[in-house]
Structures are given as structure tokens and as C-alpha cells.
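See structure below.
The sequence lines fix the lettering, A, B, ..., with proteins before strands; numbering per chain opens at 1.
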Amino acid sequence: MKNQLRQAIKTALQQCYDKGTLSSGELPAEIQLEVPKNPEHGDFASNLAMTMAKVERKAPRMIAEALVAALADNPLCDKVEIAGPGFINFRLAPACWYGVLNQVMTEGAQYGRSEVGAGTKIQVEFVSANPTGPLHIGHGRGAVVGDAVAAVLQAAGFEVQREYYVNDAGNQVKTLGYSILMRLRELQGETVEFPEDGYQAEYVRELAAKLQSEIGDLAGVDEAEAIEACARFGVEKVLDWIAVDLKAFGINFDNWYSEKSLYDRNMVDGELAKLKEKGLSFEQDDALWLRTTDYGDDKDRVLIKSDGSYTYFASDVAYHMEKFERGFDRVIDVWGADHHGYIPRMKAMLSGLGHPPEDLEVLLIQMVNLLRDGQPFTMGKRSGNFITLREVIDEVGSDACRFFFLIRRCDSQLDFDLELAKQQSTDNPVYYVQYAHARVCSINRNAAQAGVAQPQADQVDLGKLELEEELALAKQLARFQETIIGAAQNYEPHRVVFYLQDLAAQFHSYYNRQRVLVDDAATTQARLYLVNCVRIVLANALHLLGVSAPEKM
RNA sequence: GCGCCAGUAGCUCAGUUGGAUAGAGCAACGGACUUCUAAUCCGUAGGCCGAGGGUUCGAAUCCUUCCUGGCGCGCCA
């Protein structure tokens, strides 16, 4: 809709130049159109006349007048007015808006999709929690945001891969192995001194017991080997847990990428060699450093320590270099906000390799504060017994959980109230939106029972939709695609959530004021058509967020 | 000390990339169920957009200096 109008404006400008009412002859690079807050200002407003004032050397209002004259008999526009310092307000013909309804019906589940991404290959890497314990609530937010970002990108025509980076190579894995081994020995009646820095939590005992029954007690096995066996076993089981929990959350990865495999395939050394070749790394104090300060980092960073072992950064560098070698045009990392300090060094690395820094986008996910009835829900830090994501999903359900994680922009902290999320009441925004969908379904059931047929596109008289609120609903439906595009381009899935709440609110209001099934058959058909378009868009938006659209509540 | 994020109604937060009179949900108050699901709707009230300065036709939005809160500043992962 916006683009149609934009095109019409361009044509009108050209006419003005041809007729000489405007003189510069330059078409502006961009024609800004916005939806005004105040509906009295029309469907779209443009500041065009004001931005052109300098080039044209004319008062904005005079430019606007010339333009308005040229647009006078365009069928797209009902009314074009000049307002304030030189805004041009466009009111489109209702028929334009109702045309959107046919589009919704024809495209169905596809409605809202676009091709602005033009097949650009993007990888979204998210969760990537260490495979040393179950996911907790903080991981959950990153998981949902990452998944939803991937979904809106796909809907906007980007080619997206979802990847989980498995940190199965570092020290933490060894610690897990050692912790399991100690618990295993406990099971065998030994009194062991459990390491201070070991994993204290209960699930380690669980893993030890499992290992005992599946593999044996590892008696007589050399300690180093035993630790490794425990680590391997632990990582495998924990990854299984994680995958199951994510699946329960509706999240599926296209690829699980093992850090260990980077080393096994000599990729780390290979990529580090490339850095050296380009003169980006140097040796000092027996260590190998990456010169990130050349690209805005405040310190150079160690890749290989003086004892010969690799830092976490080394494999991360190799991993990201390899991402681009895999052919992605853009790479998105979803991290916890506590890792924000790593962004400059990662971007520096990419700049050094000749990538523009925007090719890597890091989304920082702020903390989640868990509440119950408004009271902070503190978890025992030392005991290691935190609230797992699984417990939260089991308690409040996947739909509510996902919706709450998506309701805020990801760079602001989130208060997550378990009781509120569970409540099936007015206070709960999830049900508010789902209820709107269920209501349309209910109308459909009643229509069927009364023998009213579902409207067919070529038979509906959309002229029967005469009310302001019906026009407003059609306009809201028309905005769905640009909402998705905005969410995709800015990596802000919460925009879709707000869109949903707006659409649901408009529908609920309409529902309370007007009946859909009325005596007049033609009006009934037109209204059924409209509310079913609402239903389709509600469902499309909910599914985009991974939330269900129930037919009955 | 340096860096990142945030600061908007009593509370939790939006704010269309610089536009016209700053919005929503809770909470408060008053209304609407013999009518397609009241998990809903309608109305009232609520503001120095943390503070100062700057940029311009125009700033919650951009620049700058402060203040407050959170999080980071390892040859840890």
C-alpha cells in the first residue's frame, strides 16, 4: 500500500517538473511516508515538501500545493491535504484498504511474507549454552528471541540457518567429567573430597548414577581416562536434555556445531595460520596474540597461552571465520548481556579480515528476574540448584513462556512473574490475543450451525463494510507485512507482539460493539469475511512467534 | 577509572529510525452479560520523557556534560 502511494507521488513529481510547477527536476532519493498518530491526519503523511524546500528554493507549502494539484484525480487517493508547516496528508480510498482483505484470503498462511531479504544468507546462532548442565531461565529468553528473530527473517525472505554452538572442548567439560567421577566414587561408598570448583548441583549425581548403570563403575581405569570417559558421557547426556527441553519449547536447530570438531579437524590451527599470514597476530611472552587494538579494541587478546593451550577466544575466532567461509552473508550471535565485553574483539577480528563489522550482529539478551507474586525469586547460587527452564515451561506452559520472553525488547531487563504468566485472566496478555482468535473460530462455528456459508471472495460485497472500525481493522491487517519487515531488519521480534496486541484489541472492541451474524445476509457475509481475515493474520503472527492459535478456550 | 545497556503515568513498558496534541497494559474510580465466549468492552483520572547545555523549521529520539540502576573490564569459560 505504502509503495503504491510512493509510486503515485513519484509520478506526480515528474508531472510537476514537466509542467514547470516545480523546477529542480530532481527526484528525491527517498520519499518518507509515515502513519500519523492522529487519524485526522489521514492514512499516510509525508514531510516531502519540507525536505525539498532547500533544493527547490521555495516555501514548503508552495511545493506541497503543486504536488497536491498533480495528485488531484488519482484514484488511489480519496483526499490529499496540506497541513501544518507543510505536511502532506493522504487519505486513501476505502476500496484500496478493503482490497487487502482479498489478499489475506488468497495468501492465507503466506500472508505477511515478503522477499525483501532476497535470499540473503543469514545464520542465527543462539542458546549455545555449555553442555555442562540443564538450561536455566536466562537461556530460555535467548532461545525464544533467537528463534523468533530467525522466524521473522525467514518471513521477510532471508535464507536462515539456526545453529547451536556446542562448547564441548574447554576446561568446563573437564570439570564436568571430574565432578561426575567424584560422585561416581561416592556411589561406590568412597568418601571423596568434592572439589570446590566442581559442579555441585544434583544433576551431577544423576549423571553419575546413569553412568554406573550404563557403562560400569570405571574401577581400575586410569584417572585421566576415567575423567575423559565421564566428560564424554556427561556432555552427551546433558546435550540430550537440552535438545529435549528446547523441543518442548518448540525450538529446533538446523545444525549443532561442535567446538571439539574444530580442533579435531585442525581448523583452529588452520584459521590461526591465516591470521598470522595477514600479520594480524604476533608472539609475545611465549604467547600468541591477536592485534585487536588496530580495530578499536582497548587491548590485544591472547589466542594461545604461554603453556601452549588455546584460549576460548581462539576457537571462537576460528569458529566465526569459518562461518563466513561457509558462505553466510551475515551472522547473528545471540548472547547474554554479561558477555557484551567480547563484542569489540570479535568485530576487530572481522575487520582485520576485511569484513564490514555489520556482517556480525550481536544481540545482547538482558537478565531475566524471576518473580512469584511480585516477589523476587532468589535462587541458591552456591548450591547450584537453580530454576531450570524445563520447570518453568512445565509450570506456565510454552505459549505463555514464549510470549513473555518476547514482549519486551531484548536489551531491557525482564521481570518474569510465574503467577502472572500462569493466570488465565485479564492480566495475561497471551490469553488476550489467543482469545481473539478463538472468538472468530466461535463465530464460525455459530455460522455453520445456523447454516450460514463461509463467504467466497468473488461473491462478497465489501461495500457492506461501512463502519469506521471496519475500515480501521482492514488498515491494521494491511500493516502486517511492514511490521514483519521492520522486526526482521531491526532484529526486534517484540514488534510483532505489539502488533498482535493492537490487532486483538481492535477486534475485541469491534466484537463488543457489532454483531457479525446479523439478519442482513450480505452484511453477515462481508463481516464474516473481515473477521476471518483477522483470524488468519492473528494465527500467522502467533505462529511466527511460536505460540499456538487455539480454536477454543 | 574505562566500556556496554537502561532511565517515559503510582507499577511494568511501547513510541513507526527527527515530525503535528507523548501511548498501552496493570493498579484506582464509574459503567456494560435474556444478544456470535465478560479470558471481553466503554468511560474517568494520571506526565518537567532522569538533569543541564547544544544541533534545526521541529528532539523522548541525534551530540555533549553530569546523576541513578544493572552488567562487564583475565594467558577464566
Same-atom distance ([atom1]) from [N] to [M], integer angstrom:
{"N": "rG15(B)", "M": "rG23(B)", "atom1": "P", "result": "15 Å"}
{"N": "rA6(B)", "M": "rU64(B)", "atom1": "P", "result": "15 Å"}
{"N": "rG31(B)", "M": "rU68(B)", "atom1": "C1'", "result": "42 Å"}
{"N": "rG18(B)", "M": "rA60(B)", "atom1": "P", "result": "13 Å"}
{"N": "rG46(B)", "M": "rA27(B)", "atom1": "C1'", "result": "11 Å"}
{"N": "rA45(B)", "M": "rG25(B)", "atom1": "C1'", "result": "16 Å"}
{"N": "rG72(B)", "M": "rU56(B)", "atom1": "P", "result": "41 Å"}
{"N": "rC48(B)", "M": "rA59(B)", "atom1": "C1'", "result": "15 Å"}

Would you mind classifying the nucleic acid contact of [X] as base, sugar-phosphate or nothing, using non-hydrogen atoms under 4.0 angstrom?
{"X": "E259(A)", "answer": "nothing"}
{"X": "A450(A)", "answer": "nothing"}
{"X": "R409(A)", "answer": "sugar-phosphate"}
{"X": "A436(A)", "answer": "nothing"}
{"X": "H340(A)", "answer": "base"}
{"X": "S412(A)", "answer": "sugar-phosphate"}
{"X": "K299(A)", "answer": "sugar-phosphate"}
{"X": "G170(A)", "answer": "sugar-phosphate"}
{"X": "R515(A)", "answer": "base"}
{"X": "A83(A)", "answer": "base"}
{"X": "S509(A)", "answer": "sugar-phosphate"}
{"X": "D285(A)", "answer": "base"}

Return the pairing partner of [N] with a 3.5 Å limit on both distances, Watson-Crick or G-U wobble; otherwise return none.
{"N": "rA14(B)", "answer": "none"}
{"N": "rC48(B)", "answer": "none"}
{"N": "rG69(B)", "answer": "rC5(B)"}
{"N": "rA32(B)", "answer": "rU40(B)"}
{"N": "rU55(B)", "answer": "none"}

Are a donor atom and an acceptor atom from the side chains of [X] and [Y] found within less than 3.5 Å of each other?
{"X": "D399(A)", "Y": "Q434(A)", "value": "yes"}
{"X": "N444(A)", "Y": "Q454(A)", "value": "yes"}
{"X": "Y310(A)", "Y": "D269(A)", "value": "yes"}

What is the distance from [atom1] of [X] to [atom2] of [N], rounded to the nearest Å?
{"X": "N38(A)", "N": "rG23(B)", "atom1": "CG", "atom2": "C1'", "value": "13 Å"}
{"X": "R345(A)", "N": "rC73(B)", "atom1": "CZ", "atom2": "P", "value": "8 Å"}
{"X": "I407(A)", "N": "rC26(B)", "atom1": "CD1", "atom2": "P", "value": "12 Å"}
{"X": "R408(A)", "N": "rG70(B)", "atom1": "CZ", "atom2": "P", "value": "19 Å"}
{"X": "D298(A)", "N": "rC2(B)", "atom1": "CG", "atom2": "P", "value": "13 Å"}
{"X": "L414(A)", "N": "rC13(B)", "atom1": "CG", "atom2": "C1'", "value": "11 Å"}
{"X": "L290(A)", "N": "rG74(B)", "atom1": "CG", "atom2": "P", "value": "16 Å"}
{"X": "H41(A)", "N": "rU16(B)", "atom1": "NE2", "atom2": "P", "value": "18 Å"}

Closest to the [X] side chain, choosing from [options]:
{"X": "L364(A)", "options": "rC4(B), rU37(B), rU16(B)", "result": "rC4(B)"}
{"X": "D338(A)", "options": "rA14(B), rU37(B), rC71(B)", "result": "rC71(B)"}
{"X": "K305(A)", "options": "rC41(B), rU37(B), rC75(B)", "result": "rC75(B)"}
{"X": "M553(A)", "options": "rU37(B), rA14(B), rA20(B)", "result": "rU37(B)"}
{"X": "Q366(A)", "options": "rC41(B), rC5(B), rU37(B)", "result": "rC5(B)"}
{"X": "A287(A)", "options": "rC75(B), rC41(B), rC42(B)", "result": "rC75(B)"}
{"X": "M367(A)", "options": "rC75(B), rC13(B), rC71(B)", "result": "rC71(B)"}
{"X": "K552(A)", "options": "rU37(B), rC5(B), rA6(B)", "result": "rU37(B)"}
{"X": "N89(A)", "options": "rG72(B), rU35(B), rA20(B)", "result": "rA20(B)"}

Give a yes/no answer on whether the side chain of [X] brings an N or O atom under 4.0 Å of OP1 or OP2 in [N].
{"X": "Y435(A)", "N": "rA39(B)", "answer": "yes"}
{"X": "R445(A)", "N": "rU37(B)", "answer": "no"}
{"X": "K37(A)", "N": "rA22(B)", "answer": "no"}
{"X": "Y432(A)", "N": "rC41(B)", "answer": "yes"}

Side chain to side chain, L262(A) and E271(A), heavy atoms closer than 4.5 Å: no
Residue pair D197(A) / Y178(A), side-chain heavy-atom distance below 4.5 Å: no
Residues R479(A) and E482(A) bridged, charged N to O under 4.0 Å: no
Anti or syn - rC42(B), cut at 90° from 0: anti
Charged tip of R439(A) within 45° of Y511(A) ring normal and under 6.0 Å: yes
rA14(B) pyrimidine/purine six-ring stacking with F498(A), under 5.5 Å and 30°: no
Aromatic stack H339(A)/rG72(B): centroid gap under 5.5 Å, interplanar angle under 30°: no
Of L503(A), I536(A), V537(A), the residue whose pairing with F480(A) passes side-chain contact (heavy atoms from CB on, under 4.5 Å): V537(A)
Passing option when R527(A) is tested against E469(A), E470(A), E466(A) for salt bridge (Lys or Arg N to Asp or Glu O under 4.0 Å): E470(A)
From CA spacing to verdict: salt bridge (charged side-chain N to carboxylate O under 4.0 Å, His left out), R330(A), E361(A): CA-CA 8 Å; R330(A) 210 183 306 163; E361(A) 181 73 33; over 6 Å; no
